[in-house]
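Report on the structure given below.
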Amino acid sequence: MDLLADLNPQQRIAIQHGRGPALVLAGAGSGKTRVITYRIAHLIRNGACRPEHILAVTFTNKAAGEMRERVQALMGLSRTSEPLISTFHSFCVRLLRREIHRLGYRNDFSIYDTDDQRRLLKQILKDKGRNDKELSPREVLGRISFAKNHNVGPGQFAAQFPSPSAEDIGELYELYDARLRRGNALDFDDILLKAVALLDRFQEQRDYYSDWYRYILVDEYQDTNRPQYDLLRLLTSRHQNLFVVGDEDQSIYKFRGADIQNILRFEQDFPGARVIKLEQNYRSTQNILKLATSVVENNTERKGKVLWTENHAGDVITCRRSATARSEAAWVSRCIRDFLDEEPDYRIAILYRANFLSRNFEEALINGSIAYCVVGSVAFFGRMEIKDLLAYLRIIFNPEDDIALLRIINTPPRGIGATTIDSLTRQALEKGVPLLQLVREASSDATLGGRACNALRRFLELIDGWQARRDNATIGELLGSVAESIEYKKMLEKDETAEEAANRMENIEELIRAADESQDKGETVFEFLDRASLSSELDTLDPNARVSLMTLHSAKGLEFDVVFLAGLEEGLFPHSQSSNSAADLEEERRLCYVGITRARRKLFLTWTPFRRNFGPSSDSASMRSRFLDEMPPELLDEWSEGRDYADDDEEDPFAVVEDKEEKPVWKPSAGAAPAPQPKSIAELRAYLKQVQPAAKSGDAAHGATRSLKSGMRVRHAQFGDGIILSRQKVGNDFKLIVTFSRVGRKTLIERYAKLEAL
DNA sequence: GATTTACGCCTTTTT
DNA sequence: GGCGTAAATC
C-alpha cells in the first residue's frame with residue numbers, strides 16, 4: 001500500500017517530515033488523525049526507527065484506541081513490536097509504576113479519582129473543625145487542581161494566586177498533598193506532575209526514556225497544559241523529534257489548565273520548527289464550513305487558517321426557535337425519526353453545552369421509540385457497586401489507602417458507626433499511621449465498646465484473609481470472594497428495587513470477568529486498577545449507535561452526518577459562568593465552532609426562550625445566543641415554532657404555544673410492561689433498557705455481532721469471505737484474527753469491522 | 001447505630 | 001426537580 005497516494009500535498013509534507021520539531025495546524029475535518037497515523041506507519045516503513053521507539057500521545061482512551069487501530073490496519077499485524085500509543089495519563093502511570101520509588105512513593109500507589117479527592121478533602125476540613133459552607137470541597141479542589149496545573153505548590157499558592165481565601169486554601173492544599181502522600185496515592189494531576197518531577201530530577205531516567213522514545217507525536221496539542229508541556233520538553237530534550245498536531249480554534253479545555261499559548265508559541269519554544277497548515281476540509285458541506293468560520297473569526301487569539309472544501313454547498317442551516325424546551329426536544333425527535341426513515345445509515349448527534357440538557361431529549365426519543373446512546377452518563381467504572389468492590393481491592397493491595405478503607409469500612413453496614421470511625425481517624429492522624437493499622441490496634445485493645453470492637457475484629461479478619469490470599473488467588477476470585485463474604489447482594493436488595501439490584505450484580509459479574517481477562521493477558525492488579533481509574537465517560541461511546549447524545553466537549557474529534565446543536569441561549573451557551581472575560585467568551589466560541597464542524601451534511605440549530613430551570617417558574621425568558629447573531633443571515637433558514645414542521649396555525653410567533661403532541665404522556669411501546677412514570681433520569685434509563693435492549697450503550701448494543709466465535713465464517717465489505725481464527729477481548733472491544741480467502745490474514749476490531757456471519 | 005426526613009445546592013467541561 | 005448530605009428520630 002502506498003501511504004502517500006491518497007494524501008494532499010500538505011499532508012504529504014507533514015508525513016514525510018524528518019527529524020526536528022514540527023507543528024501541524026490542522027483545521028476541523030482536515031485529516032488530522034490520518035496525518036499522525038500515516039506518519040507513524042511511514043516512520044516504521046522507512047526504517048527511521050523500530051516501532052517501539054515511537055510514542056504517540058492523545059488525551060482520551062478512545063482517541064488512543066482508534067489511533068492504535070488505524071496504525072495496525074496500515075501496518076498489518078505481523079510485527080513483533082508496536083509503537084506506544086497512549087494517553088498522557090496512562091503513559092505517566094506506566095512510567096511511575098516502574099520509577100516512582102525514587103520519589104519516595106511505593107510503586108503500588110493508588111490513584112484517587114474526583115470522588116476520592118472529595119472524600120479526602122472533606123475529611124481534612126472535618127479534622128480542622130471547619131464546616132464546608134464558605135469553602136466547598138469542590139471549590140477548594142478546583143483551586144488546588146488549577147495550582148497544580150500551573151506548577152504552583154502549596155507554599156507558593158497564596159503568593160501566586162492572591163485572594164481573600166488564598167491563605168486558607170494554601171494551607172488545605174498542603175494538608176491535602178501530605179495526606180495523599182501518606183496514603184501512597186496520587187490524584188489525576190499528580191500523575192503528570194510526578195512523572196515530570198521524576199524526569200526532571202533524575203538525569204539517568206530522563207536520558208533513558210528520551211533515548212528510548214526517539215519520535216514523539218502529540219494529538220490535540222492545543223489542549224496541553226503546563227505539566228504536559230514540561231513532560232514533552234523533558235522527553236525530547238535530546239533529539240527534539242516532536243511532532244504535534246492541533247487546532248487553536250478547537251482549544252476548549254482552558255478550565256482544566258490547558259494553555260492555548262502552548263500551540264500559539266510553539267515556534268518560539270522549539271526553534272527551527274517546521275509549520276504545516278492543513279486547510280482542506282474533507283468532512284462538511286461548504287455552508288457548514290462557512291458558518292463555522294463566520295463564528296470563530298470573531299476570535300482574536302488565533303493563528304488564522306482558511307478552511308476550504310471541494311464538497312458541494314449543501315443545504316442552508318436550519319435555525320429553529322421552539323416554544324419550550326420540551327417542544328424543542330419533541331421537534332428534534334421527529335426530525336430524527338424522518339432521517340432514520342429516509343437514511344437508515346445516517347449517524348446523528350444531539351449536542352448540548354451541559355449534561356443536564358440530555359433529559360428532555362431522552363424523553364422525547366423514548367416517546368418516539370428511537371434508540372439512542374448517551375455519552376458520558378454513568379461510566380462503568382464510575383458506578384457505585386464497581387467503586388465499592390475496587391475499593392476492597394485497593395485496600396487489599398495498598399493497606400495505606402485510607403480513602404479506600406473509609407469507603408468500605410461500613411459498606412455494607414456492619415456496625416462500625418460514625419463515632420468509631422471518627423475516633424479511629426483522629427488517632428491515625430495524630431500518630432501519622434495508616435488507618436488500617438489503627439483498626440488493627442483498636443480491635444485487639446478493648447478501649448472501645450465491646451460491640452464496635454467485635455465488628456472491627458470481624459472486618460479485620462476479612463481483610464487479613466484476602467491479603468493472605470492475594471498473591472495466590474486470581475483478581476477475579478478475590479473480587480468474587482469479596483462480593484460473597486460481605487453479602488453485597490443482600491445490601492443492594494435491601495435499599496433498591498429488584499431490577500436495580502440485579503443490574504448492579506450483573507455489573508459486578510462483568511467486573512469479575514474483566515479482571516479475569518486482564519489477568520489472562522498477563523496484566524498486574526495495578527494495570528487493571530489503573531485502567532479502571534483512567535477510563536473515562538467518553539469510553540461509553542457506541543460507534544454503532546445511530547443517534548448519540550453528548551456534550552460539546554465530548555463531541556470533539558467525532559463526526560456525524562446530521563448534527564442538532566441545541567440550547568443556543570444566552571446564559572447556557574455561552575454559559576453564564578464562562579462569560580466573564582473576553583478570553584472565556586472566545587473559548588465558548590471555539591466550543592461552538594467545534595459543535596458546528598462535527599456535521600458532515602446537515603446542521604440544525606435550536607433554541608427556546610422558555611427552558612425551565614429548576615425552582616418555581618424562574619425569571620424571564622432567555623435570549624437567543626449571541627453566536628446565532630454572529631452567523632451570516634443568508635446561511636440561516638430561521639423558523640419559529642407554530643409556523644413550521646408541526647404545521648400549526650400561523651400566529652404570533654412569540655406567543656407561547658403548547659404543542660399538542662407534546663403533553664407529558666408516557667407512551668410505552670407496544671407489548672411492553674405497563675410503563676412507570678420515571679422520576680429520575682436513572683429510572684428513565686433503566687426503563688429504556690427493558691423496552692429497547694438494543695438501544696443500550698455498551699455490550700448489549702453489539703447484540704448483532706456478539707455471537708461471533710472463532711471458527712465462524714464471516715463476510716467483510718472489502719475483504720470478502722473469511723474464517724475467524726481467534727476472538728479476544730481487548731478493553732471493551734473484541735480483537736478478531738480472520739483469514740480471508742482473497743486477502744489473507746487480517747486483524748480486525750469487531751466493533752468497527754461490521755462483519756456479517758455466514 | 002440505623003433509618004427517616006429536610007434542606008440546600010445544583011448544571012461546564014478531557015484524565 | 002432531583003440528588004446528596006445533614007440533622008432528627010427510632
Side-chain angles (χ1 to χ4, degrees), chain A residues 57-64 86-93 111-115 117-119 122 126 131-133 136-138 142 145 149 186-192 219-220 222-225 227-228 250-258 352-360 375-376 379 381-382 384 410 412-421 449 451-452 455 494-495 530-539 550-557 567 571-579 584 587-588 590-591 594 611-618 678-684:
Chain A
V57 210
T58 65
F59 280 83
T60 63
N61 297 305
K62 193 180 139 303
S86 166
T87 65
F88 273 102
H89 285 82
S90 46
F91 172 77
C92 290
V93 168
I111 298 171
Y112 280 8
D113 68 8
T114 36
D115 190 52
Q117 288 177 287
R118 223 190 59 240
R119 284 160 188 266
K122 291 191 81 147
K126 199 165 158 200
N131 67 359
D132 39 27
K133 285 284 144 53
S136 72
R138 258 172 68 89
S145 174
N149 283 320
L186 305 181
D187 65 18
F188 281 137
D189 298 318
D190 284 342
I191 290 172
L192 298 171
D219 192 16
E220 308 278 16
Q222 75 281 355
D223 288 329
T224 49
N225 62 17
Q228 285 157 345
Q250 295 189 61
S251 163
I252 54 174
Y253 284 109
K254 186 180 146 202
F255 69 93
R256 285 292 299 129
Y352 34 78
R353 178 65 233 267
N355 267 316
F356 76 100
L357 285 174
S358 76
R359 178 167 224 245
N360 280 324
V375 178
F381 287 108
M384 173 196 79
N410 202 32
R414 52 171 69 86
I416 305 175
T419 33
T420 311
I421 295 172
R451 215 172 29 168
K494 198 151 144 249
D495 1 298
D530 290 345
R531 205 145 38 74
S533 309
L534 299 176
S535 84
S536 86
E537 310 192 324
L538 221 99
D539 302 337
M550 69 190 85
T551 63
L552 288 157
H553 282 87
S554 305
K556 194 176 65 161
L572 186 57
F573 191 32
H575 197 276
S576 52
Q577 284 179 32
S578 309
S579 308
D584 281 352
E587 178 137 321
E588 293 286 299
R590 290 192 289 268
L591 202 48
V594 167
R611 188 174 303 282
R612 255 192 65 190
N613 292 335
F614 34 94
S617 66
S618 66
K679 285 191 294 291
S680 68
I681 201 72
E683 263 182 57
L684 187 72

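Numbered from 1 within each chain, the chains take letters A, B, ... in sequence-line order.
For B:dC10, neither phosphate oxygen OP1 nor OP2 lies less than 4.0 angstrom from any side-chain nitrogen or oxygen of A:N355. Contact annotation: A:T87 does not reach the phosphate of B:dT14 (side-chain N/O to OP1 or OP2, under 4.0 Å). Proximity of A:R118 to the phosphate of C:dT5: a side-chain N or O atom is located under 4.0 Å from OP1 or OP2. A:T419 has a side-chain polar atom (N or O) that falls below the 4.0 Å cut-off from OP1 or OP2 of B:dG1. Between A:R590 and B:dT13, a side-chain N or O to OP1/OP2 separation shorter than 4.0 Å is absent.
In this structure, the CG atom of A:D584 is 12 Å from the C1' atom of B:dT13, given to the nearest Å. Counting to the nearest Å, the C1' atom of B:dT14 and the CG atom of A:D113 are 15 Å from each other. Distance CZ (A:F356) to P (C:dG2): 14 Å, rounded to an integer number of Å. Nucleotide B:dT14 holds its C1' atom 8 Å from the CD1 atom of A:I252, rounded to whole Å. As a whole-Å value, the separation of A:R414 CZ from B:dG1 C1' is 14 Å. What separates CD1 of A:I421 from P of B:dG1 is a distance of 9 Å, to the nearest Å. Rounded to whole Å, atom P of B:dT11 lies 19 Å from atom CZ of A:F573. Rounded to whole Å, atom P of B:dT14 lies 13 Å from atom CG of A:N61.
Checked against A:S533 for a side chain to side chain contact (heavy atoms under 4.5 Å, CB included), the options A:D113, A:I191, A:I111 give a single hit: A:I111.
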- Derivation and outcome, side-chain contact (heavy atoms from CB on, under 4.5 Å), residues A:T58 and A:E220: CA-CA 7 Å; A:T58 65; A:E220 308 278 16; over 6 Å; no
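In this structure, a donor-acceptor pair under 3.5 Å is present between the side chains of A:S145 and A:R256.
With hydrogens and angles disregarded, no donor-acceptor distance shorter than 3.5 Å links the side chain of A:N410 to the backbone of A:G417. A donor-acceptor distance shorter than 3.5 angstrom exists from the side chain of A:Q228 to the backbone of A:N225, with no hydrogens or angles considered. With hydrogens and angles disregarded, a donor-acceptor distance shorter than 3.5 Å links the side chain of A:E588 to the backbone of A:H575.
Note on A:D223: a base of the nucleic acid sits closer than 4.0 angstrom, heavy atoms only. As judged by a 4.0 angstrom heavy-atom cut-off over every strand, A:S578 is placed among the base-contacting residues.
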Protein-nucleotides 3-5 of chain B N/O pairs under 3.5 Å:
unit_1	atom_1	unit_2	atom_2	d
B:dT3	OP1	A:K494	NZ	3.1

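The side chain of A:K122 sits closest to C:dA6 out of C:dA6, B:dG1, B:dT14.
Relative orientation of the A:H553 and A:Y253 rings is tilted, given thresholds of 30° and 60° on the angle between their planes.
B:dT13 has A:F255 stacked on its base ring, the centres lying under 5.5 angstrom apart and the planes within 30 degrees of parallel.
Only the P atoms considered, C:dG4 is 16 Å distant from B:dT13, to the nearest whole Å.
For the pair A:N410 and A:H89, both in contact range of DNA chain B, the more 5′-proximal nearest nucleotide belongs to A:N410.
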